[in-house]
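Below you'll find the structure, written out as C-alpha cells, and then a few comments.
What you are looking at is a predicted structure, and each value in this text was computed from that prediction instead of being measured.
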Amino acid sequence: MRLKEGLRLRKMGRKYMIVNAGNSLHNKAEVFTLNEVAAQMWQFLDGKDFTAEVLVEWLCQEYDVEEGVARMDVEKQLEEWKRFGLIQ
C-alpha cells in the first residue's frame, strides 16, 4: 500500500487534517480530520510503500500497546483510509 499522491498533512491548532488541495476539477479542497496518533501514523508512512504488519510493528514500538490491540486499530484505520480513497 501507499498513501495517495497529492495529499498533505496539516496541523491547525490541535487538529490534524489531510488536505487534497490538488483537486482543481472541482475547485475545492477535500479535508479529512485525524487524531494525533493517526497523524503520527500518516507521517511515518509518508513516501513509503507499507503493509499493515509494518504499521502494527511501528505502533507497538511507538506506544505501549499489545500486538493484538495494535492490529485491530491498524486494520480499522486502514479500512477507513481506503474507504475515503486516502491510500492505494
Side-chain angles (χ1 to χ4, degrees):
M1 285 180 273
R2 192 167 186 81
L3 300 178
K4 184 178 174 185
E5 294 284 325
L7 299 177
R8 301 290 176 254
L9 178 65
R10 301 285 185 247
K11 183 177 182 186
M12 297 190 68
R14 290 185 275 173
K15 304 259 184 199
Y16 293 90
M17 294 175 244
I18 299 297
V19 179
N20 184 1
N23 191 351
S24 61
L25 293 176
H26 298 99
N27 199 20
K28 67 177 183 175
E30 295 177 88
V31 178
F32 305 91
T33 59
L34 303 176
N35 66 26
E36 189 170 345
V37 174
Q40 289 175 347
M41 288 169 53
W42 189 274
Q43 289 171 323
F44 171 72
L45 298 173
D46 194 24
K48 301 175 185 169
D49 289 321
F50 63 90
T51 64
E53 196 58 40
V54 167
L55 196 48
V56 168
E57 289 175 22
W58 174 83
L59 200 56
C60 288
Q61 290 175 2
E62 197 69 23
Y63 297 93
D64 186 22
V65 61
E66 294 179 17
E67 186 176 336
V69 173
R71 186 173 314 287
M72 287 190 315
D73 290 346
V74 164
E75 288 172 2
K76 181 178 177 182
Q77 186 64 71
L78 291 178
E79 185 57 40
E80 185 173 291
W81 287 353
K82 284 178 189 173
R83 187 171 65 246
F84 290 111
L86 302 178
I87 56 177
Q88 41 197 18

Are any non-hydrogen side-chain atoms of [X] and [Y] less than 4.5 angstrom apart?
| X | Y | value |
| --- | --- | --- |
| V54 | D49 | no |
| M41 | F50 | no |
| L9 | L34 | yes |
| V74 | W58 | no |

- Quick one: list whatever passes side-chain hydrogen bond (donor to acceptor under 3.5 Å, both in side chains) with E67, sequence neighbours left out.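 Expected list: R71.
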- Message: Quick check for you: to the nearest 0.5 Å, what is the distance between N35 atom CG and Y16 atom OH?
- Response: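 That separation rounds to 9.5 Å.
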Looking at [X], I want to see if its [atom1] is surrounded by more than 12 non-hydrogen atoms of other residues, nucleotides or ligands under 6.0 Å.
| X | atom1 | value |
| --- | --- | --- |
| R14 | CZ | no |
| K48 | NZ | yes |
| Q88 | CD | yes |
| E53 | CD | yes |

- Item | Exercise: identify the closest heavy-atom pair between V65 and L59 |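 Of all heavy-atom pairs spanning V65 and L59, the closest is CG1-O, 3.7 Å.
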- Item | Derivation of the side chain to side chain contact (heavy atoms under 4.5 Å, CB included) call for L86 and W42 | CA-CA 10 Å; L86 302 178; W42 189 274; 4.1 Å; yes
- Message: For E80, run the side chain to side chain contact (heavy atoms under 4.5 Å, CB included) check against Q77, K76, K82 and tell me which one passes.
- Response: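 That would be Q77; it is the only one of Q77, K76, K82 passing the side chain to side chain contact (heavy atoms under 4.5 Å, CB included) with E80.
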- Cluster link W81 to M72, ILVMFWY, side chain under 4.5 Å: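 No, W81 and M72 fall in different hydrophobic clusters.
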- Item | Connected via hydrophobic side-chain network under 4.5 Å: V69 and F44 |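 Yes, V69 and F44 fall within the same hydrophobic cluster.
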- Message: Quick one: does any side-chain atom of R2 pair with a main-chain N or O of G47 as donor and acceptor, under 3.5 Å?
- Response: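 Such a contact is found between R2 side chain and G47 backbone.
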